[in-house]
Amino acid sequence: MAFSFSFMFFYWTLNRFVALDVSPATASLVSQQSSEDRHRSSLSPGEQAARDRAAHRAGSPEHKKMKRDQEVSDGEKSDQDLVVDDANEAPTGASNGNHHSPRENGIDGKKSPRSPGSESSSSGKKREDSGKKPSHRSTPTSKPLGNGPSLPSGYPFPEGLAPPALNGLRPPLGGNVEPPRPLGSSQGIAEGKPAYSFHVNAEGQARPVPFPADALIGPGVPRHIRKINTLPHGDVVCAVTMSNPTKYVYTGGKGCVKVWDISQPGGKAPVSQLDCLTRDNYIRSIKLLPDGRTLVVGGEASTISIWDLASPTPRIKAEMTSSAPACYALAISPDSKVCFSCCSDGNIAVWDLHNQTLVRQFQGHTDGASCIDISADGTKLWTGGLDNTVRSWDLREGRQLQQHDFSSQIFCLGYCPTGDWLAVGMENSNVEVLHCNKPDKYQLHLHESCVLSLKFANCGKWFVSTGKDNLLNSWRTPYGASIFVSKETSSVLSCDISNDDKYIVTGSGDKKATVYEIMY
């Protein structure tokens with residue numbers, strides 16, 4: 001399951017003062033640390049880690065699967081836990097990434113959004129929901145080194161029945177490229193085609209969106225994509241990112257990150273390999289700092305590693321250890337001073353990258369925190385969780401601002417770099433685009449299964465989402481007109497867009513990454 005403050009101040013740590021050059025938002029986080037140190041748990045780090053490991057082993061999906069089927073191979077178990085599709089089970093027919101879905105957003109009586117009453121937003125106050133587990137925390141807040149529950153079972157893609165198939169529009173996934181056709185306000189509806197984009201107002205009323213005439217034209221809006229490279233990682237690719245300028249692609253799989261030089265034509269071997277975790281643990285998130293010299297890696301372990309890419313051979317230069325057994329997602333502050341990690345215990349850990357120390361933790365999610373993004377000015381953080389909520393946090397004051405409740409687990413989200421829109425991908429196959437300050441939102445229904453990753457283009461005019469349905473969908477911000485659709489041969493677990501909005505890279509369940517060129 002995509003991030004982009006300075007004045008001098010001092011804070012007390014390890015019985016001495018340390019000078020740091022940080023942003024105002026970062027300063028407010030760090031300055032609160034000493035006053036809260038006395039509230040830390042009396043457990044030693046070793047005792048806490050042992051407790052978490054024991055809880056993780058008892059409740060992990062791998063433990064449950066071993067009891068169900070001792071004869072499943074290691075590779076098969078890994079793929080099943082991730083709910084990815086083996087390449088041998090892929091549907092026939094190759095896709096070149098150029099296929100378009102119909103731009104029309106009509107309605108035929110067969111397709112309707114989920115009941116708006118089941119997915120509503122609130123600001124700071126959580127409504128009662130009898131279908132959810134009761135919260136075991138009080139008012140959400142930020143605290144130092146809090147203790148939380150063990151690794152949630154089944155994440156990132158929970159076990160159980162697959163989400164129901166949508167009863168509406170299916171994008172065509174074969175044939176020739178369809179040229180862009182801007183839509184008038186009545187096109188599609190008059191033709192009786194099913195709608196896939198709905199506007200939901202403050203009263204919960206959902207209506208098909210009449211796309212504007214310029215929905216698919218104009219500067220910064222792509223026409224289609226073209227596959228230019230396939231990177232045979234060798235394991236399920238759970239995390240990807242690209243350098244700026246676009247020269248290197250980083251792919252995270254089982255235990256390691258591989259580095260690929262895509263500027264060299266025909267290169268089918270990585271230029272280096274970063275062994276980050278034990279062989280059986282998956283990398284979940286990789287973030288490259290803007291200078292291109294430092295890579296931060298998190299995954300199915302309590303340790304987050306920091307890699308020096310500027311040395312002749314990439315080397316690990318520091319590690320940061322959390323009390324949680326796993327890290328599901330990472331974000332870096334715009335000034336590269338702070339790292340935020342989504343922990344399997346529901347906490348959001350805040351790390352000082354300068355000295356690799358845990359500054360504080362935001363507590364609020366009552367199940368694993370699965371995804372994260374940060375505003376361009378570095379003052380606000382957005383997180384999604386397996387507790388069916390999306391939360392926003394004020395980084396200057398260290399408190400929760402808003403909470404949006406949904407009827408499905410949140411697997412991915414992205415904050416628009418240029419506007420007030422937040423896109424959310426969910427286990428129930430929906431993509432929702434929320435306005436950060438208003439109750440209005442859009443519901444988009446083109447995915448047929450779990451939405452696993454999501455990323456905004458840097459221009460903010462469009463974003464992409466990927467899913468267990470093998471699809472890479474591109475949407476117009478915010479109303480979700482479909483720009484292009486590409487179908488891969490297996491579940492698409494991760495994606496990234498280059499800083500210049502010229503390339504997309506995806507990571508998939510058939511153990512490879514794919515690089516696309518964006519055509520305008």
Side-chain angles (χ1 to χ4, degrees), residues 2-4 97-105 171 177-185 187-188 196-199 208-226 241-242 244-246 334 373-377 380 382 412-425 430-438 440-447 451 453-466 471-486 495-506 515-520:
F3 298 87
S4 126
N98 286 341
H99 307 308
H100 288 250
S101 67
R103 273 47 168 200
E104 292 83 357
N105 188 43
V177 177
E178 176 190 345
R181 291 190 291 112
L183 299 181
S185 60
Q187 289 184 352
Y196 61 89
S197 173
F198 296 85
H199 176 261
V209 177
F211 295 146
D214 62 349
L216 302 172
I217 60 176
V221 180
R223 294 186 294 113
H224 58 87
I225 55 175
R226 178 176 66 94
T241 194
M242 286 184 280
N244 181 33
T246 310
D373 203 356
I374 189 170
S375 63
D377 62 4
K380 183 182 292 187
W382 291 90
C412 53
L413 58 74
Y415 184 76
C416 181
T418 60
D420 294 323
W421 297 100
L422 181 81
V424 181
N430 285 358
V431 173
E432 297 210 5
V433 185
L434 315 177
H435 194 283
C436 299
N437 303 310
K438 301 176 183 178
D440 297 64
K441 65 179 179 179
Y442 295 91
Q443 293 181 347
L444 313 179
H445 304 270
L446 279 182
H447 280 289
V451 184
S453 70
L454 187 151
K455 183 66 183 292
F456 270 94
N458 286 278
C459 69
K461 294 184 177 181
W462 55 281
F463 65 96
V464 296
S465 61
T466 73
L471 293 182
L472 166 64
N473 277 316
S474 175
W475 314 89
R476 188 72 157 90
T477 308
Y479 42 80
S482 178
I483 302 173
F484 59 77
V485 176
S486 177
C495 69
D496 192 21
I497 301 175
S498 63
N499 280 26
D500 57 9
D501 291 343
K502 292 183 177 180
Y503 300 94
I504 297 172
V505 61
T506 63
V515 183
Y516 300 92
E517 181 181 7
I518 304 170
M519 313 302 292
Y520 291 92

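The backbone N or O of Asn458 sits less than 3.5 Å from a side-chain atom of Asp501, completing a donor-acceptor pair.
Looking at Val433 and Leu444, their side chains come closer than 4.5 Å, going by heavy atoms from C-beta outward. Between Thr506 and Leu472, some side-chain heavy-atom pair lies under the 4.5 Å cut-off.
Judged as a side chain to side chain donor-acceptor pair (under 3.5 Å), and not counting sequence neighbours, the contacts of Trp475 are Ser465. By the side chain to side chain donor-acceptor pair (under 3.5 Å) test, Asp500 is found to be paired with Ser498, residues two or more places apart in sequence or in another chain being considered.
With rounding to the nearest 0.5 angstrom, the CG atom of Asp420 is 10.5 Å from the OG atom of Ser375. Between the CG atom in Asn430 and the CZ atom in Phe198 there is a gap of 10.0 Å [rounded to 0.5 Å]. Going from atom OG of Ser474 over to atom CD1 of Ile497 covers 7.5 Å, rounded to the nearest 0.5 Å. Atom CG in Leu422 sits 10.0 Å away from atom CZ in Phe463 (nearest 0.5 Å). Atom CZ of Arg226 and atom CD1 of Ile504 lie 13.0 Å apart (nearest 0.5 Å). Rounded to the nearest 0.5 angstrom, Lys455 NZ and Thr466 OG1 are separated by 12.5 Å.
When every heavy atom of Gly480 is checked against every heavy atom of Tyr196, the shortest pair comes out as O-CE1, 3.4 Å. Contact record, Ala481 with Leu216: CB-CD2, 4.3 Å, taken as the closest heavy-atom pair. Looking at every heavy atom in both residues, Trp382 comes nearest to Leu413 through O-CD1, 4.0 Å. Between Thr246 and Met242, the shortest heavy-atom contact is CG2-SD, 3.9 Å. Across all their heavy atoms, Ala376 and Pro334 have their closest contact at O-CG, 3.4 Å. In terms of heavy-atom proximity, Thr418 sits nearest to Gly460 at OG1-CA, 3.6 Å.
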### side-chain contact (heavy atoms from CB on, under 4.5 Å) assessment of Val431 paired with Asn473
CA-CA 11 Å; Val431 173; Asn473 277 316; over 6 Å; no
### Message
Assess the residue pair Tyr442 and Glu432 against the criterion (side-chain contact (heavy atoms from CB on, under 4.5 Å)); give the C-alpha distance rounded to whole Å, side-chain angles, the decisive distance to 0.1 Å, and a yes or no.
### Response
CA-CA 6 Å; Tyr442 295 91; Glu432 297 210 5; over 6 Å; no
### Message
Determine whether Ile518 and Trp462 satisfy the following criterion, side-chain contact (heavy atoms from CB on, under 4.5 Å), listing intermediate values before the conclusion.
### Response
CA-CA 12 Å; Ile518 304 170; Trp462 55 281; 3.5 Å; yes
### Task
Give the intermediate values and the outcome of side-chain contact (heavy atoms from CB on, under 4.5 Å) for residues Lys441 and His435.
CA-CA 6 Å; Lys441 65 179 179 179; His435 194 283; over 6 Å; no
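The aromatic rings of Phe211 and Tyr479 sit tilted relative to each other, their planes meeting at an angle between 30° and 60°.
Taking the six-membered ring for Trp and the full ring otherwise, Tyr415 and Phe456 have centroids separated by 6.0 Å or more.
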